[in-house]
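Below you'll find the structure, written out as structure tokens, and then a few comments.
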Amino acid sequence: MDKTFQPQQIEDYWYKSWEERGYFSPTGEGTPYCIAIPPPNVTGRLHMGHGFQHAIMDALIRLHRMQGHQTLWQVGTDHAGIATQMVVERQLAGANTNRNEVGRVAFVNKVWDWKDESGGIITQQLRRMGSSLDWSRERFTMDEQLSNVVQRVFISLYEEGLIYRGNRLVNWDPELHTAISDLEVNSEEEDGYLWHFNYPIVDSENYLTIATTRPETMLGDTAVAVNPEDKRYAHLVGGFVELPLCNRRIPIISDNYVDPEFGTGCVKITPAHDFNDYEMGKRHGLEIINILTDDASINDDAPEAFRGLDRFEARERIVEALKSLGLLEKIEPHKLKIPRGDRSGVVVEPYLTHQWYVATQSLADPAIKAVEDGDIEFVPKNWENTYFSWMRNIQDWCISRQLWWGHRIPAWYDSEGNIFVGSSESAVRQKHQIPEGKELRQDEDVLDTWFSSALWTFSTLGWPDDLEYFDKFHPTDVLVTGFDIIFFWVARMIMMTLKFTGEIPFKKVYITGLVRDEHGQKMSKSKGNILDPIDLIDGIELDALVKKRTSDMMQPHLRQKVEKLTRASYPAGIAAYGTDALRFTYYSLASTGRDIKFDVGRTEGFRNFCNKIWNAARYAMMNSEGKLLSSERNPAEYSSADRWILSRLEQTTEDVLAALADYRFDLASQSLHEFIWNEYCDWYLELSKPILWDEDKNPQAAESTRWVLLTVLERSLRLLHPFMPFLTEEIWQKLAPLIGIRGDSIMLQPYPELDPANFDEAAQAEITWLKGIILAIRNIRGEMDISPAKSIRAFLRGSDEQDKIFLQLNRVYLQKLAKLESIEWLSPDQPTPTCATGLHDSVEVLVPLAGLINVSAETARLKKEIGRLEADLKSASGKLNNKKFVSRAPEPVVIKERAKQEKIQAALAALREKLGELNNPLT
RNA sequence: AGGCGCGUAGCUCAGUUGGUUAGAGCGCUACCUUGACAUGGUAGAGGUCACCAGUUCGAAUCUGGUCGUGCCUACCA
């Protein structure tokens with residue numbers, strides 16, 4: 001074995017070996033356990049959020065597989081309509097063409113080519129994470145089988161009247177030329193202006209001053225509104241204003257929606273270009289005038305002077321024109337929320353179009369009930385509030401997208417505009433008896449990607465035609481996902497799955513936090529703080545990292561800033577930490593908070609942890625080379641140290657199992673880290689040395705120790721395997737045979753179960769005592785500046801026979817671990833030379849000065865210790881002197897406090913006496 | 001404007017139903033290449049648990065308020 005753990009040498013080998021041997025597919029007869037992967041974008045790349053969530057899912061999957069369940073982690077990807085189409089369109093733009101020139105069929109073929117070319121990247125990256133996904137069942141939302149489900153669901157909802165076509169305002173992305181749902185719009189506060197314009201009042205010399213943030217929309221104004229309670233304008237309601245530049249008269253109406261406090265208290269109403277105005281237009285029967293094209297430039301229904309202008313240019317021209325007419329009252333700076341498409345980043349326009357909608361109300365009711373009744377549980381629980389608040393105000397879902405990449409809407413129109421929905425043109429003709437001569441045209445649009453994702457848990461399991469897996473694994477057990485897609489995906493899956501299968505899609509929803517950088521900033525390309533999980537595994541040179549972060553930037557002017565930040569954060573680049581260290585970092589950060597600040601320092605720490613385990617294994621195996629271990633064990637031969645470490649391991653097993661049952665991966669990982677490093681390595685390994693190095697003296701003890709050393713490590717590896725699959729497999733393969741365990745892989749070994757017989761109070765007490773004495777001596781050494789190389793003498797003094805017995809039993813350990821020349825027992829009345837003193841419980845630990853020790857240093861040390869004890873005593877005595885405490889606190893608490901007080905008093909007395917002796921030596 | 005969350009060591013975070021000497025990792029200080037590991041060992045420094053009030057014998061933990069901070073939803077044109 002190498003002296004240090006080299007993850008890159010083993011990871012690929014083991015992953016391939018597992019995959020080839022089919023270990024990721026469900027086997028056996030146990031209770032089925034299933035997780036459906038949240039399908040990543042087929043052409044995407046792995047990011048930290050994926051890494052985090054897959055680490056969690058893989059731990060759950062490996063745990064249940066080891067626990068004997070038939071375990072399926074269903075894998076697949078989605079087609080990510082908008083994102084993927086954008087990529088290919090950009091390529092076309094690079095080649096000086098566009099999708100319209102290429103044509104629909106050829107374009108879609110190009111997307112498939114792109115998918116075939118780059119679609120494997122993310123699945124390869126998932127493998128690098130160690131994810132034990134069942135690749136033999138990989139699915140894609142555009143697969144024929146899944147597409148059939150999409151179509152079937154669409155038709156069925158349509159026939160039931162739950163899908164309809166509507167003409168209403170949608171969020172329109174003028175760059176992508178498609179409608180997008182409210183969820184795909186991000187509104188951020190930006191700096192803008194509030195323009196005040198004067199609209200001349202008809203039959204009057206006066207003006208009505210309106211305020212607007214979007215002057216260009218005035219071309220589509222069809223009213224001006226005031227609040228009915230607003231006395232300033234009451235007399236004008238019912239009258240008209242002359243709409244400047246447009247030669248139109250529009251009415252002055254009153255509506256409660258208008259806030260008299262804001263702006264001038266007087267609002268222009270543009271029903272075709274604002275959601276609120278649209279509603280008001282409906283209330284008042286106003287005309288709806290659309291003034292934009294698909295590109296968001298001014299259309300031909302607007303005055304000639306502005307036709308064809310881009311919306312922002314039109315804005316400037318209109319302000320100019322109004323100014324020259326003397327109708328510009330003033331311009332105020334104003335902060336407002338600007339809605340931008342989350343894919344394109346351009347300002348989204350409310351736009352009147354025909355789209356397809358899902359009527360969600362009847363689907364939402366049972367979906368709400370499923371969570372209310374506890375059939376589906378969110379972890380942590382308070383996410384249920386988020387779910388409820390959205391579901392109870394749910395809007396109809398706009399599912400059509402004006403794209404070519406996706407599931408085409410199975411609807412056909414005749415020349416009169418009649419709609420026919422069916423699985424194909426011929427099916428439609430047959431059903432509605434439409435003669436061949438009559439032309440039918442299929443709807444050009446495709447469905448929102450989330451529509452197919454909503455069917456994911458059951459479509460991937462073969463519903464409705466091949467029910468073997470569906471019957472076995474559905475509902476799935478848990479969904480692991482981020483809170484950012486509770487609405488996009490989780491809620492919609494619950495609705496659709498209940499509707500079509502009558503089952504919930506999953507029993508639990510584990511909501512993870514969002515991975516941010518070490519300062520809590522969201523990771524984004526423009527901030528330049530993106531970390532790539534693969535770089536943390538393989539490492540990356542600083543220059544390569546800078547290049548990666550600054551290439552393909554949307555805003556090139558940020559390049560310098562990003563470079564500076566990167567060089568400051570990672571002056572030496574990123575080291576290759578390996579998958580196990582990265583995964584362990586994710587677990588350690590997986591607490592209940594909603595922000596996960598990712599700190600590379602922790603990954604480095606866990607890389608060191610991997611190395612620690614590696615070296616512990618190296619030690620255990622080096623000491624077992626060529627030794628025959630009989631598998632017949634007689635626990636009576638176990639030493640206290642043996643029984644102690646077995647007891648601690650049992651406690652760790654209990655803690656890990658409890659933490660996992662609660663989805664507290666942070667607690668599970670912490671408890672494993674603590675046990676392996678601070679108990680097994682720091683203490684048990686050290687305690688084993690005197691036994692193993694002196695094997696001739698007591699061969700039987702040595703063999704027991706060797707056995708326990710290997711057994712505890714082997715079981716720890718199994719406990720650890722769901723978290724660190726590669727390291728544990730590599731070591732386990734070599735180690736397990738030494739204690740007679742046969743098996744092809746640690747993956748297929750049983751996960752440790754609780755065995756309370758291993759708890760051993762007596763051994764715990766003894767080793768706690770031993771550690772306490774060693775610590776006291778080391779403390780004296782450390783603070784007295786006694787070289788670790790120097791052997792020293794020590795005495796223990798006390799009145800408890802138990803302590804004397806412990807000394808006899810543990811003399812060898814004490815001598816080795818505290819580097820003692822000798823250690824002897826003194827009864828309380830025996831005099832001592834001048835000593836440095838430490839305490840463990842009631843035992844005094846004495847190190848003779850004999851020229852070693854600086855008296856003033858020891859005096860200072862004792863005074864510090866005395867000060868500490870005095871503070872503790874004050875707190876304990878304070879409580880006990882309080883009559884109310886004694887009378888009202890539960891008995892055990894009072895008893896505990898009394899014991900504490902007595903212990904401190906005794907310790908104080910001892911130390912004070914020593915202090916006195918130091919300054920007034922007896923000898 | 002509503003809703004949710006957070007504020008504990010220099011940094012990143014644990015702290016279960018109130019009773020601990022308030023913990024871990026990283027960083028820091030001193031010493032140590034001892035036969036698993038310097039990706040290491042030993043010892044140590046460092047916290048009025050944001051602030052105020054209340055409940056309680058007892059509050060980091062429960063209640064109310066204040067301040068700071070983050071996110072989500074809905075928005076005033």
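Everything numeric in this text was worked out from a predicted model, so none of it was measured. Just so it is clear: chains get the letters A, B, ... in the order the sequence lines come, proteins before strands, and each one is counted from 1.
A/Gln9 places no side-chain N or O within donor-acceptor distance of the main-chain N or O of A/Gln6, the cut-off being under 3.5 Å.
Rounded to whole Å, the distance from CZ on A/Arg706 to P on B/A36 is 14 Å. Taking atom CZ on A/Arg392 and atom P on B/C72, their separation rounds to 22 Å, with Å as the unit. Atom CG in A/Leu775 sits about 14 Å away from atom P in B/G41, given to the nearest Å. Separating the CG atom of A/Leu531 from the P atom of B/U12 is a distance of 16 Å, rounded to the nearest angstrom. Here B/U17 presents its C1' atom at 13 Å from CG of A/Asp662, a figure rounded to the nearest Å. For the pair A/Asn779 CG and B/G44 C1', the computed distance is 9 Å after rounding to whole Å. With rounding to whole Å, A/Phe606 atom CZ is found 13 Å from B/C13 atom P. Rounded to an integer number of Å, the gap from A/Leu687 CG to B/G41 C1' is 15 Å.
A/Arg664 comes within 4.0 angstrom of the backbone, heavy atoms only, and of no base. At a threshold of 4.0 angstrom between heavy atoms, the contacts of A/Arg602 include nucleobase atoms, whether or not backbone atoms are also involved. A/Leu514 comes within 4.0 angstrom of no nucleic acid atom, judged by non-hydrogen atoms across all strands. Note on A/Trp195: nothing from the nucleic acid sits closer than 4.0 angstrom, heavy atoms only. Within the nucleic acid shown, A/Gly878 has no heavy atom closer than 4.0 Å to any nucleic acid atom. Looking at heavy-atom distances under 4.0 Å, A/His334 makes contact with sugar-phosphate atoms alone, never a base. The residue A/Ser591 sits close only to the backbone: its heavy atoms come under 4.0 Å of sugar-phosphate atoms, none of a base. If you check every strand for non-hydrogen atoms under 4.0 Å, A/Leu667 touches sugar and phosphate atoms only. Note on A/Trp693: a base of the nucleic acid sits closer than 4.0 angstrom, heavy atoms only. Counting non-hydrogen atoms under 4.0 angstrom, A/Val886 reaches nothing in the nucleic acid. Within the nucleic acid shown, A/Glu686 comes within 4.0 Å of at least one base atom, counting heavy atoms only. At a threshold of 4.0 angstrom between heavy atoms, the contacts of A/Lys3 are confined to the sugar-phosphate backbone, with no base atom among them.
Because its NZ or CZ atom is not both nearer than 6.0 Å to the ring centre of A/Tyr813 and within 45° of the ring axis, A/Lys689 does not count as a cation-pi partner of that residue.
If you check the side chains of A/Lys879 and A/Ser877, you find no donor sitting under 3.5 Å from an acceptor. In the model, A/Ser688 has no side-chain atom that pairs as donor or acceptor with a side-chain atom of A/Glu686 under 3.5 Å. Donor-acceptor pairing under 3.5 Å is lacking for the side chains of A/Asn529 and A/Arg516.
The pair A/Glu190-A/Lys337 does not count as a salt bridge, with every side-chain nitrogen at least 4.0 angstrom from each carboxylate oxygen. Salt bridge A/Lys863/A/Glu858: absent, no basic N to carboxylate O contact under 4.0 Å. In this structure, A/Glu902 does not pair ionically with A/Lys900, as no charged nitrogen and carboxylate oxygen lie closer than 4.0 Å. Residues A/Arg232 and A/Asp230 are paired through a salt bridge, judged by an N-O separation under 4.0 Å between the basic side chain and the carboxylate.
When the nucleotides B/A45, B/U12, B/A36 are ranked by their closest atom to the side chain of A/Met622, B/A36 comes out on top. The side chain of A/Lys689 lies closest to B/A36, out of B/A77, B/A36, B/U12. When distances are taken from the side chain of A/Asp666 to each of B/C13, B/A77, B/A14, the shortest belongs to B/A14. Comparing atom distances between the A/His673 side chain and each of B/A77, B/G25, B/G40 picks out B/G25 as nearest. Relative to the side chain of A/Pro788, the nucleotides B/A77, B/U12, B/C32 differ in distance, and B/C32 lies closest. Closest approach to the A/Phe487 side chain among B/C72, B/G40, B/G44 is made by B/C72 (side chain taken as heavy atoms from C-beta onward).
Nucleotides B/G46 and B/C28, compared at atom C1', are 9 Å apart to the nearest Å. Distance check on atom C1': B/G44 versus B/A9 gives 14 Å, rounded to whole Å. Nucleotides B/U8 and B/U61 place their P atoms 13 Å apart, quoted to the nearest Å. Nucleotides B/G47 and B/G23 are separated by 11 Å at their C1' atoms, to the nearest Å.
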Could you write out each protein N or O paired with an N or O of nucleotides 4-8 of chain B at a distance under 3.5 Å?
from : atom 1 : to       : atom 2 : distance (Å)
B/C4 : O2'    : A/Arg594 : NH1    : 3.1
B/C4 : O2     : A/Arg594 : NH1    : 3.4
B/G5 : OP1    : A/Asn382 : ND2    : 2.9

Can you pull every protein N or O that's under 3.5 Å from an N or O on nucleotides 19-23 of chain B?
from  : atom 1 : to       : atom 2 : distance (Å)
B/U20 : OP1    : A/Lys879 : NZ     : 3.3
B/U21 : OP1    : A/Lys900 : NZ     : 3.1
B/U21 : OP2    : A/Lys900 : NZ     : 2.7

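Residues from residues 608-619 of chain A placing a heavy atom under 4.0 Å of any atom in RNA chain B, listed by number, are A/Asn608, A/Asn611, A/Lys612, A/Asn615, A/Ala616, A/Arg618, A/Tyr619.
Under the salt bridge (charged side-chain N to carboxylate O under 4.0 Å, His left out) criterion, the residue pairs touching residues 772-788 of chain A are A/Glu783-A/Lys864, with sequence neighbours excluded.
Between A/Tyr257 and A/Ser787, the residue anchored closer to the 5' end of RNA chain B is A/Ser787, taking for each the nucleotide with the nearest heavy atom. Comparing A/Leu194 and A/Asn623 along RNA chain B, the residue whose closest nucleotide (by nearest heavy atom) sits nearer the 5' end is A/Asn623.
Using a 4.5 Å heavy-atom threshold, the side chains of A/Asn171 and A/Phe275 count as touching. Here the side chains of A/Val224 and A/Val267 are not in contact, with every heavy-atom distance at 4.5 Å or above. In this structure, the side chains of A/Trp383 and A/Val509 stay at 4.5 Å or more apart for every pair of heavy atoms. Looking at A/Leu286 and A/Ile269, their side chains come closer than 4.5 Å, going by heavy atoms from C-beta outward.
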>> Give the dot-bracket line for RNA chain B from 5' end to 3' end: parentheses for intra-strand Watson-Crick or G-U pairs under 3.5 Å, square brackets for crossings, | for inter-strand pairing, dots for unpaired.
In response: (((((((..((((.....[...)))).(((((.......))))).....(((((..]....))))))))))))....

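Residues A/Trp614 and A/Phe5 place their aromatic rings such that the two centres sit under 6.0 Å apart.
Between the base of B/U42 and the side chain of A/Arg778 there is no donor-acceptor pair shorter than 3.5 Å.
In this structure A/Glu870 satisfies the salt bridge (charged side-chain N to carboxylate O under 4.0 Å, His left out) test together with A/Arg912, sequence neighbours excluded.
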>> Is there a side-chain hydrogen bond (donor to acceptor under 3.5 Å, both in side chains) between A/Ser588 and A/Asp666? Walk through the geometry before answering.
In response: CA-CA 4 Å; A/Ser588 73; A/Asp666 59 327; over 6 Å; no

